[in-house]
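Everything quoted here is computed from the prediction, not taken from an experiment. Letters A, B, ... mirror the listed sequences (proteins, then strands); counts begin at 1.
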2 protein chains.
Amino acid sequence: MVGRVDVARRAGVSPAVVSYVLNGSHPVSDETRLRVEAAILELDYRPNALARSLATSRSHTLGLLIPDSSNPYFAELASAVEDAALASNLVVLLGNGADDAGRELGYLRAFRDRQVDGVIAVFGAGFEEGWREISKRRMPAVSLDRLPPGLDVPSVVVDNIGGARVATEHLVEHGRRRIACITGGAELSSARDRARGWSEALADAGLVGGGVAAGTRVGEAQPVSPLLSYGAFTVDSGYTAATELLRRDPSVDAIFVASDMQAMGVLRAVADVGRTPGADLAIVGFDGTKLSEYTTPRLTTITQPYAQLATEAVGMLGRIIADPASDRAAMHLVLPTELTRRDTCGCGPP
Amino acid sequence: MVGRVDVARRAGVSPAVVSYVLNGSHPVSDETRLRVEAAILELDYRPNALARSLATSRSHTLGLLIPDSSNPYFAELASAVEDAALASNLVVLLGNGADDAGRELGYLRAFRDRQVDGVIAVFGAGFEEGWREISKRRMPAVSLDRLPPGLDVPSVVVDNIGGARVATEHLVEHGRRRIACITGGAELSSARDRARGWSEALADAGLVGGGVAAGTRVGEAQPVSPLLSYGAFTVDSGYTAATELLRRDPSVDAIFVASDMQAMGVLRAVADVGRTPGADLAIVGFDGTKLSEYTTPRLTTITQPYAQLATEAVGMLGRIIADPASDRAAMHLVLPTELTRRDTCGCGPP
DNA sequence: CTGAAAGCGCTTACAG
DNA sequence: CTGAAAGCGCTTACAG
């Protein structure tokens, strides 16, 4: 492998000078610079990033922790983060926590060992242990998509309560009266806040169904309403929940589903029991994944601003890296969502 | 940050000894080992992987290049690779080529600069330039999911021709006579081979529609049959292609769609024109993504062995890394697919 | 503007 | 079994 020394020799300068022209941090005469640049090109030299990182304490690498990278929603989110990282000249080290606290912690350590400049984490099972590790190691980090239970950490999330309210209100506008909610894991702020928004909207409309034990912490959230079902943000979970819900209470005339993946499962379950989405059962999802546009019928959903979420998260991380002493507790960003009207709510053909 | 020297001081030994117990590569007295281990625990010391890599020339990091990581099929494939990598104690550096040759090359360089132990690549647009870079830099690498046009490189792929044949034959068994094919980009071996399998099955059954300019290279593949449509492995592409196809030729009674994502778009298009999948139009997809189980109607598809593909790819890469002089040209693996019968083919309710 | 030298945090012959 | 020392490939004061 050709190294800096080879370039120096070829250009007839000292190795240090090669670094100087590489980094442009030091004055170099034009004539010398040209010779070195020529040598670099001729030898097709590329500096060893590891050695450089060791010397500079900057790896230009970002650790990204995702709870389930094969889930299309997270895949879209991760892809957006990667784009934003690339724009900041950062390469992504990817960790799929697989909703396992041990695995999440393992990746966090692997990231730290490799001296990532920072991490963007969507924690699953191991939020508390994970964040403790991050704090202990003083790693720059921002929590994306969800908030840790009871911890004050830099975060970028969407207005889950607001989005869920809009979704539910839209269902109410369509004349629905018995509106259920199928959401994700009760330990996730995103899942709980979406249930909360649904609950609040119902209360405002004078409808029954509310009561989510709002503001609860891990373990405390209970499906206090028979119309509310906690599960997981997966297709299977949505399928199971809807099957169960419709069996238990056929009078349900609408469902706010807190993720598109679950909504796809719900659509399947609804077809199984012979109901017609958009007609005798209105449905609104959450996420606005690319796929939501192609379901049959088309899914009405709450669209998240992926690119913006990613850009803001990377930006926030950049600020923390630049100024480690910055007040991280004050870094919280909540982005708005948007209602995308399609067919399952009743706006279009069933 | 606590370093090896701190541990050494605390344990009352030389820094070298800390390395010895860390790596277990050198004899150390039990008593000393215990003292060092205690110091490591007390100081919560973790070795700097960058420094270690610089000294050992092994980064325990793998570069994974994906053409579109937000596409659910690739997300599942990437996730499988990550699992396999983890099992081999490798962390994944992820690059989303975004079907852009320049971006692919950029990631390849970023991987090399960071001294990845090897790369697993699913090339999009820049197969040739990308592989040239890999060869020039002598990076251990294996091509996953597709073969480069005209290049002999280590690869792990699925039996695309065979799978497509099975899919098409199944359609024939259902009594279909006018069977179209919607596939991916004509420059991709996977897309071409699936079209080829379809064509061969038609010929075997004495049906019209064949002719894919089989064995073609980039740019030469032409949609020689009006029943064959090249596009891209995305939902939108599938939607567009099916809309166009059904408008042009309403007599089509079946479609073999070469990817599940496209099939989801096809399902949407079919609903738009008022046809009924599984009844007056049979459909079989390809990939066996998790989502395919939840479409309405349920998608019959050719299932790929994700975990096995990933494990074999990582294993092959491991062999190349272990023995750089190994005969890479001889490393080719083709795994079988499986027909998953559901509803869109006519086996189940429409 | 240029270069010798120390340092980044490890590994690993080699000598003792 | 233990340790001093060279080396991995860079960066960056510091002196000239």
Report the secondary structure of DNA chain D in dot-bracket form, marking unpaired bases with a dot and bases paired to a different strand with |, and treating Watson-Crick or G-U pairs with both distances under 3.5 Å as paired.
|||.||||||||.|||

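- Base contact: S19(B) has a heavy atom under 4.0 Å from a base atom.
- Looking at heavy-atom distances under 4.0 Å, V5(B) makes no contact with the nucleic acid at all.
- Considering only the side chain of S29(B), dC1(D) comes nearest among dC1(D), dG3(D), dA4(C).
- Listed candidates were dT2(D), dC10(C), dC8(C). Nearest to the side chain of P47(B) is dC10(C).
- Side chains of N48(B) and R112(A): a donor-acceptor N/O pair is absent below 3.5 angstrom, by distance only.
- As a whole-Å value, the separation of H26(B) NE2 from dC1(D) C1' is 8 Å.
- Here S53(A) lies out of heavy-atom contact (under 4.0 Å) with every strand.
- Among the protein residues, V18(A) comes within range of no part of the nucleic acid, since none of its heavy atoms lies under 4.0 Å from any strand.
- Counting only heavy atoms from C-beta on, S14(B) has its side chain closest to dG3(D) among dG9(D), dG3(D), dC1(D).
- For dG9(D), the base has no donor-acceptor partner in the side chain of Y45(A) [N/O atoms by modelled type, under 3.5 angstrom].
- At a cut-off of 3.5 Å, with distance as the only test, no side-chain donor of R319(B) or S326(B) sits close to an acceptor on the other residue.
- For the salt bridge (Lys or Arg N to Asp or Glu O under 4.0 Å) criterion with E42(B), the lone passing option out of R35(B), R10(B), R9(B) is R10(B).
- In this entry the distance linking CE of M1(B) with P of dC10(C) reads 6 Å, nearest Å.
- Which of dT2(D), dC8(D), dT12(C) sits closest to the side chain of L54(B) comes down to dC8(D).
- In this structure, of dA4(D), dT2(C), dG3(C), it is dG3(C) that holds the atom nearest to the side chain of Y20(A).
- Distance from the side chain of A55(B) is smallest to dT11(C) among dT2(D), dT11(C), dA4(D).
- Mapping A16(B) and L50(B) onto DNA chain C via the closest heavy atom, the residue that lands nearer the 5' end is L50(B).
- At a cut-off of 3.5 Å, with distance as the only test, a side-chain donor of S70(B) or D68(B) sits close to an acceptor on the other residue.
- Listed candidates were dC10(C), dT12(D), dG9(D). Nearest to the side chain of R4(B) is dC10(C).
- Nucleotide dT11(C) holds its C1' atom 15 Å from the CZ atom of R58(B), rounded to whole Å.
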